[in-house]
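Below, read A as the first sequence line, B as the second, and so on, with proteins coming before strands; counting in each chain starts at 1. Source: prediction; values computed, not measured.
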Amino acid sequence: MKKNSLIRFIARRVSTAVDNPVSTSTWRFYCSHSPPSSSSPPPNSKLFVAGLSWSVDEKSLKDAFSSFGNVSEVRIMYDKDTGRSRGFGFVHFSKEDEARCAKDAMDGKALLGRPLRISFALEKVRGAPVVVPRLPST
DNA sequence: CGTGAGCGT
């Protein structure tokens, strides 16, 4: 019976294909749960700039980053008690490309003697409490 | 005189 030998032939081809590491290597299953892609954060126009010196103010930071794009906002967190800056701030750019360029260019560089640590800012919005449009109580 | 990792009103 030639049909039987043909089936065994195909079965052998299938088994070899399964055992083939190059064939199995393409069978990777990706689950789209929540892979903590810390290395690829979604780039925003907002940059988190840390590693700042305690003598750095917003205008110095803006002047340092205004060379890479249009800085729309520069915010440095200051300590209300000691009055000294916490050494980290946020730089808002007009475009994500500018922010990415500035990050790639200024990250690791030094400003006022201290190396800068730049990363994309988390969209942490505070305030702006959800105001519920209340209908006239009548 | 030193301080230092980090995510904000």
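Among the protein residues, A:Gly51 comes within range of the nucleic acid bases, having at least one heavy atom under 4.0 Å from a base atom. Using a 4.0 Å heavy-atom distance criterion, A:Leu47 is classed as making no nucleic acid contact.
Regarding A:Phe88, its CZ atom lies at a distance of 14 Å from the P atom of B:dA5, rounded to whole Å. A:Arg86 places its CZ atom 14 Å from the C1' atom of B:dG4, with the value rounded to the nearest Å. Counting to the nearest Å, the P atom of B:dT9 and the CZ atom of A:Arg75 are 8 Å from each other. Between the CH2 atom of A:Trp54 and the C1' atom of B:dG6 there is a distance of 13 Å, rounded to whole Å. Between the NZ atom of A:Lys46 and the C1' atom of B:dG6 there is a distance of 18 Å, rounded to whole Å. The CG-C1' distance, from A:Leu116 to B:dC7, rounds to 15 Å in whole Å. Protein atom CZ of A:Phe48 is 5 Å distant from nucleotide atom C1' of B:dC7, rounded to whole Å. The distance from atom CZ of A:Phe120 to atom C1' of B:dC7 is 14 Å, rounded to the nearest whole Å.
Nearest nucleotide to the side chain of A:Arg117, out of B:dC7, B:dA5, B:dT9: B:dA5.
Taking the six-membered ring for Trp and thresholds of 30 and 60 degrees, A:Phe93 and A:Phe65 have ring planes more than 60 degrees apart, a perpendicular arrangement.
In this structure, the side chain of A:Ser66 does not engage the main chain of A:Val71 through any donor-acceptor pair within 3.5 Å.
Checked by atom type, the side-chain pair A:Ser60/A:Asp57 shows a donor-acceptor distance below 3.5 Å.
Heavy-atom nearest nucleotides on DNA chain B were determined for A:Arg84 and for A:Ala50, and the one closer to the 5' end corresponds to A:Arg84.
Under a 4.0 Å N-O distance rule, the pair A:Asp97/A:Lys95 does not qualify as a salt bridge.
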